[in-house]
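These notes are about the structure you will find just below.
Quick note on labels: first sequence line is chain A, next is B, and so on, each numbered from 1. This is a predicted model, so every value here is computed, not measured.
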There are 2 protein chains.
Amino acid sequence: MKESSDPDLNRIDLKMLRALQRDGRISNADLAVEVGVSAATCHRRTQQLVEAGYVSGFRAVVAPHKVELGTLVLVGVVLDRSTPESFAAFESAVGKLKFVLDCHLVAGDFDYFLKIRVRDMADFNRLHGTQLIGLPGVRQTRTFFVMKEVVDGRALEF
Amino acid sequence: MKESSDPDLNRIDLKMLRALQRDGRISNADLAVEVGVSAATCHRRTQQLVEAGYVSGFRAVVAPHKVELGTLVLVGVVLDRSTPESFAAFESAVGKLKFVLDCHLVAGDFDYFLKIRVRDMADFNRLHGTQLIGLPGVRQTRTFFVMKEVVDGRALEF
DNA sequence: GCTCAGAATGAAAGAATCTTCCGATCCCGA
DNA sequence: TCGGGATCGGAAGATTCTTTCATTCTGAGC
């Protein structure tokens, strides 16, 4: 397994990134021991990783089914026209929909692919009718209900 | 916007969950001020939220393009047979592939949908040939290269 | 309306951690 | 070998965490 060859990221930095990705709340002291540097150095490097944009933030991972968002749905979207204006309008509008976790412009049979979390199928059906098909330029959507989440949000391996 | 009606989650808990999802490293003292309770209470409630499974962990969010994983690909998979054994074999095998971030069993034209992160198209092509199509029971795959990540990994809204 | 038991709360203090300072070391090019 | 800049780790003050304990809140039962 080849590691990133970014010269700014040495072996210590990579270890720190992996550890922080696994446990974002690890104490600076523990992280220092784990990666084999002093607490002072560890603290400095961690700050640098954040400032340099390697770490874009720290988040608590909330269990979806515990907050009434246990139903996952994937939706393929086809737009009426393939113009930049059409894409921009769609993207702007979809960005405001809080239940859309992912939205990607793709090459293939669809224009966009959405990943959506809702309470249940009835909830999705309501949102689909009131929000999704009303998005600017939408010609058609194809819905894939998720029956089983085998892997969701796995950490990056680098 | 209706909030979760879980009796175990009161207004304070919800505020805490939202704050922790936004900033997993917020200090206990700051979080206490933000949600309007004492530091002691805040500390206790946070622990309870984790122990009760509302928070499944804390993570640093690593910028994919900074670690040579800037290319995102969605793949629809169709299996040979729709037997429980076939599904189980596929899921077990796909769970070992570290570059698969999401894997969901879906209803519709595909059996599974995968979300994959790789360095570039060449890297994907290599992995597709050596790993994906070799997964147990795979009849065909359809690849959707992501040309633009409009939204990726948005936080849950509850 | 009253009482009481259990749960939840906040102030406070000791323990642990963070964060900065500073002198020492390392690295590399001249 | 030398010099200069970058990096490092020890140490200590500042901050934060975490527990304790007395008080307050809540609601069931009478």
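Relative ring orientation between F110(A) and F144(B) is described as tilted, the plane-to-plane angle lying within the 30° to 60° band.
Using a 4.0 Å heavy-atom distance criterion, A40(B) is classed as a base contact. If you check every strand for non-hydrogen atoms under 4.0 Å, R25(B) touches nothing.
When the P atom of dA16(C) is taken as reference, atom CG of L31(A) falls 20 Å away, rounded to whole Å. Protein atom CD of Q48(B) is 12 Å distant from nucleotide atom P of dT19(D), rounded to whole Å. Computed from coordinates, the M16(B) CE to dA8(C) P distance equals 14 Å when rounded to whole Å. Taking atom CG on D30(A) and atom P on dT16(D), their separation rounds to 19 Å, with Å as the unit. Taking atom CD1 on I26(A) and atom C1' on dT17(C), their separation rounds to 13 Å, with Å as the unit. One can place CD1 of I12(B) at 12 Å from C1' of dA8(C), the figure rounded to the nearest angstrom.
Remark: the backbone N or O of E157(A) is not paired with any side-chain donor or acceptor of R117(B) at under 3.5 angstrom. In this structure, R59(A) contributes its side chain and G24(A) its backbone to no donor-acceptor pair below 3.5 Å.
For the pair D109(A) and R142(A), the salt-bridge criterion is not met [side-chain N within less than 4.0 Å of a carboxylate O].
Look at R44(A) and you won't find any side-chain N or O under 4.0 angstrom from OP1 or OP2 of dG9(D). For the OP1/OP2 pair of dC17(D) and a distance below 4.0 Å, the side-chain nitrogens and oxygens of H43(B) include no atom meeting the criterion. T41(B) has a side-chain polar atom (N or O) that falls below the 4.0 Å cut-off from OP1 or OP2 of dG10(C).
Nearest nucleotide to the N28(A) side chain, out of dT17(C), dT7(D), dT19(C): dT19(C). The side chain of Q47(A) approaches dT20(C) more closely than any other nucleotide in the set dT7(D), dT20(C), dG10(C).
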